[in-house]
Amino acid sequence: MLFNSFVFAVFLPLVFAGYWALQRGNLKLQNAFLLIASYVFYGWWDVRFLSLIIISSLVDYQVGRHMVDSEDARKRKLLLFISLAVNLGFLGVFKYAGFFVDSFADLLETLGMQANRFALQIVLPVGISFYTFQTLSYTIDIYRRKITATHDPLAFFAFVSFFPQLVAGPIERARDLLPQFTKARTFDENMAVDGVRQMLWGLFKKVVIADNVASSVDLVFTGYADMPATHLAVGIFLFAIQIYCDFSGYSDIAIGCARLFGFQLSRNFAFPYFSRDIAEFWRRWHISLSTWFRDYVYIPLGGSRAGRWGRMRNIIITFTVSGFWHGANWTFIVWGLLNGLYYIPLMLADKQKDHTGTVAEGRLWPGFGNLAQIGVTFALTLIAWVFFRADSLPHAFDYLSRLATGPWSLSVPFKEQILLCCFLLGVEWIQRDRQHGLELPAMPRPLRWAAYYSLLIALFWLGNTQHEPFIYFQF
Amino acid sequence: MNPSSTSNSKPLRKFVIRGLLFLAPVALVVLPLEFLFYRSGESWTAHKVIAHQQKYPDAVYSRVLFSQQFNRFKTVGIQTFRPEILTVGSSRVLKFRKEMFAPMEDRFFNAGSIAQRIGDVLALADQIQTGAVPRPRLLILGLDPWWLGDDANPDDTWLTGEQMEEAALSFAGHVEAARTLIRKPELFSALIRGREATPAYGLSAMGVHASLYGSGFRVDGSKLAEKDLLDYIRDPVFKDRETPPIVQRIRERTQQFKPKQGINPEALDRLIDALKGLQQSGTEVMVFQPPFSTACHEALAEAEDLAEWWRAYREDVPARLEAAGIPCMTILKSEQLGLDDRYMLDGFHPSEVWVARLMERMIDRAGSDSVLAAVDRARLEALSRAEGVIPVSFNPPQIPGESARLSGKTAP
């Protein structure tokens, strides 16, 4: 079920009403209701793949219980191995098997050997990368004795499959989200109202901006060979906005939706395109994934405790694996690697934590220095986005080479889409010290309502009605 | 221990009331609009429209705010009526009417507009073979030349997937309808008036387009176009009434007439295979090439970058079809039927009188074992030769003061 579909517009109020109608009853009943709603939400896409979520949940629930009861280090290790094998096994089969077969065949052919290719036609279950990482954080944290196992299967199953963030995050940690399933939940009107605002803003970003920009991006990336460099530059700028609005829009809807049910999810985006360096960008972009990789890959590798070369190796490995997480294609691996390379100079100069606050805080405009830093960082991310969007590495390199060699034309294409993007960036700049673009506490109510109605009108008039799936579903 | 969730019904009630208050203005706009959509027939589903036409056979249907979805409407029509005689093609076959097939009127359905490209014909043939669409005994196919251009994609079709989903039942369909209404406010008064009688014949109309212009599908799938009819009655000469005119499209190489080097051999091969497959499964197939006006023929003759395609369409395609045992009528000019351009509604849409004359030739061509052999030839001839017939209609509407002017201009 898509957040930007009519079915969800019917589903959400029904679940909301049913959920809060149970508030006088047993918390277990409320969790059971959420679990069923989440399975309906996921099964709407393909009911067969519910089995993967159920198996993952079942295995990790049992692993957690047995691990917490055991002091035997070997047994604990074995249990962790089972959890990793099952979850990463599913991920490997459903997401990466085709990639490995193709890459191995390519390698054999490069070495002049006969490759017996067979095509693996495996459907990628939506959201598998997200819920796998979420449930893995549970068993790993129990293994590290950072949390204890739950003995409430309903709460655990509901935690793994919680529908607002099931298919595209934010990737929640068990220590943050699971306790929320075991505590009584009170309806908080302010929280719910702000949740609706955040959902509205997310929907605007997705349906009005991302989906309207998508067709222009597709046009440029398929027909770039016959276009002037101006079009290519605009194409990649539009893609940067598209992917941001698509994914952060989803996160906004997910976070807002969870708040309607009394849950607080973690922040996933914090206006990343106003970052002054790449380190800050990665603290603001897909935060739940960046921190997951920091905690479960970078730090176990030695993190920043290692020497200079060790730190560089850890950074490169972490970013490359992060790229591979996004998709079984060399383009994503290079995208990750490139971001790692961007990061290293900052790390070596020990400047990766220079920019932790809000840019130009308390001022309307940034200074020239900040502006230049934002511009350079944005340009670096744009180059990396070419790899992310391209179908193959030759496609990406060709695109970049044509972008670099011109010819440039004076006419700027896709003016309407650029205008939409500028509007978005303008609003987000003004709101950059808030949680989302529609958090307007100081504004009088009539003006706030006018803003909400304006967004509704924009959704109606400019919204793409084709119900484009969210890009990150494929990951 | 299972802690209970905390009861907090007051803020919940307040939240719901605030939400409803916020949505009230939206509902005040949306609900009346939805009422008007439904009352006018705009948001009726294809099934409802066809059920209504079964009950009231004089009713005509065409919507304009919602997607017209000829693909869905005609498919549902075929599935409901299960016709033995089926015409298939673009809008250029829409003038075949049940009256032409007496005494088998009730076994005929016109699926004109269901096919916009070669892939649609292939998909429909496939659906007939698999039983998804009932098998007709006779299939008459109007073959458009641009379906076979070298730019044609035989796999492209609108007869499967999302495009077949009912727009009237989709959220997107309703949003698009409201947007269309804002872009074309002149349709608003027609929407408010609801289902009116058509302007010329006074038939029951479903959909704003049918109410406003008297243009729409009859129960047999054929198309009534009162606007063209009234225009001819007021000024009984040939006009290229399409927008933009067909001859202009040819000269400017736009829409269907973008430069083509020739025909797509794969598309033709697959078409022949599909039609032969239908024949072998018991469906008689007859192909015809819909006509063009004289000016269009002249423009096509002058178009060098269309020359090979146009030649191949006229010469090679019929030859290949005939060689495969598929009859193909190549009457591309009105004069071949002893008619003139007045029998064309525009540069490439023949009138019903023109089509009735074509039918006579088809019957002549068909063998004694053909379904067409059972057609009452005398009644067919009478249709286009009776008193009062004008080049664009068998039974023109009676408009005071116009009949005298039209006398002497009946069909030969």
Side-chain angles (χ1 to χ4, degrees), chain A residues 2 4-10 13 16-17 19-34 151-152 154-155 181-197 200 207 260-262 445 448-449 452-453 456-457 459-468, chain B residues 1-34 37 43 45 65-69 151 153 158 161-185:
Chain A
L2 296 173
N4 53 332
S5 68
F6 184 67
V7 184
F8 184 72
V10 175
F16 177 81
Y19 175 82
W20 288 114
L22 294 170
Q23 69 172 329
R24 287 173 189 277
N26 195 304
L27 181 63
K28 276 192 182 302
L29 212 58
Q30 224 179 11
N31 283 342
F33 184 76
L34 265 189
H151 287 67
D152 182 347
L154 261 182
F181 280 94
T182 54
K183 275 193 299 192
R185 294 180 285 272
T186 311
F187 181 79
D188 181 332
E189 196 203 349
N190 290 333
M191 185 171 161
V193 168
D194 197 52
V196 175
R197 284 190 201 115
L200 182 59
V207 178
L260 284 176
F261 296 91
R445 180 174 286 182
R448 260 189 290 136
W449 280 46
Y452 308 150
Y453 281 124
L456 280 185
I457 290 168
L459 280 169
F460 160 71
W461 190 245
L462 300 170
N464 184 319
T465 53
Q466 298 308 308
H467 299 158
E468 300 288 340
Chain B
M1 187 185 140
N2 281 314
S4 295
S5 294
T6 306
S7 171
N8 207 357
S9 58
K10 204 176 166 188
L12 186 61
R13 205 177 309 130
K14 197 176 156 203
F15 172 77
V16 172
I17 290 168
R18 273 177 77 182
L20 291 176
L21 269 178
F22 178 75
L23 290 174
V26 179
L28 276 176
V29 174
V30 171
L31 294 179
L33 196 60
E34 285 297 328
F37 283 160
S43 60
T45 63
L65 298 170
F66 284 73
S67 164
Q68 295 187 314
Q69 289 195 291
D151 53 354
N153 174 7
W158 70 339
E162 284 180 7
Q163 294 188 75
M164 285 295 284
E165 286 171 16
E166 177 59 72
L169 295 180
S170 79
F171 181 67
H174 288 252
V175 171
E176 293 293 348
R179 286 178 184 171
T180 307
L181 192 62
I182 291 171
R183 284 191 202 103
K184 296 178 180 175

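Residue numbers start from 1 in every chain, and the chains themselves are labelled A, B, ... in the order their sequence lines are given, proteins ahead of strands. The structure presented is a predicted model; accordingly, all values stated were derived computationally and were not measured.
Using a 4.5 Å heavy-atom threshold, the side chains of Val193(A) and Phe22(B) count as separate. At least one side-chain heavy atom of Phe460(A) sits less than 4.5 Å from a side-chain heavy atom of Ile182(B).
For the pair Leu459(A) and Arg179(B), the tightest heavy-atom approach, listed with the atom from each and the gap, is O-NH2, 3.7 Å.
Across Gly19(B), Ser170(B), Ala178(B), the residue that shares the most heavy-atom pairs under 4.5 angstrom with chain A is Ala178(B). Note: Val175(B) leads Val175(B), Val26(B), Val16(B) in heavy-atom pairs under 4.5 Å with chain A. When Pro13(A), Gly463(A), Gly262(A) are compared by the number of non-hydrogen pairs under 4.5 Å with chain B, Gly463(A) comes out ahead.
Ring geometry for Phe6(A) versus Phe171(B): interplanar angle under 30°, hence parallel rather than tilted (30 to 60°). Using cut-offs of 30° and 60° for the angle between ring planes, the Phe15(B) and Phe16(A) rings count as tilted.
Neither the backbone nor the side chain of Val7(A) comes within less than 4.5 Å of any heavy atom in chain B. Of the two parts of Leu462(A), only the backbone, made up of N, CA, C and O, holds a non-hydrogen atom closer than 4.5 Å to a non-hydrogen atom of chain B.
The distance from the CZ atom of Phe187(A) to the CG atom of Leu12(B) is 5.0 Å, given to the nearest 0.5 Å. Note that the CZ atom of Arg13(B) and the CH2 atom of Trp20(A) stand 15.0 Å from one another [nearest 0.5 Å].
Applying the side chain to side chain donor-acceptor pair (under 3.5 Å) rule to Glu165(B) yields no partners; only residues at least two apart in sequence or on another chain are considered.
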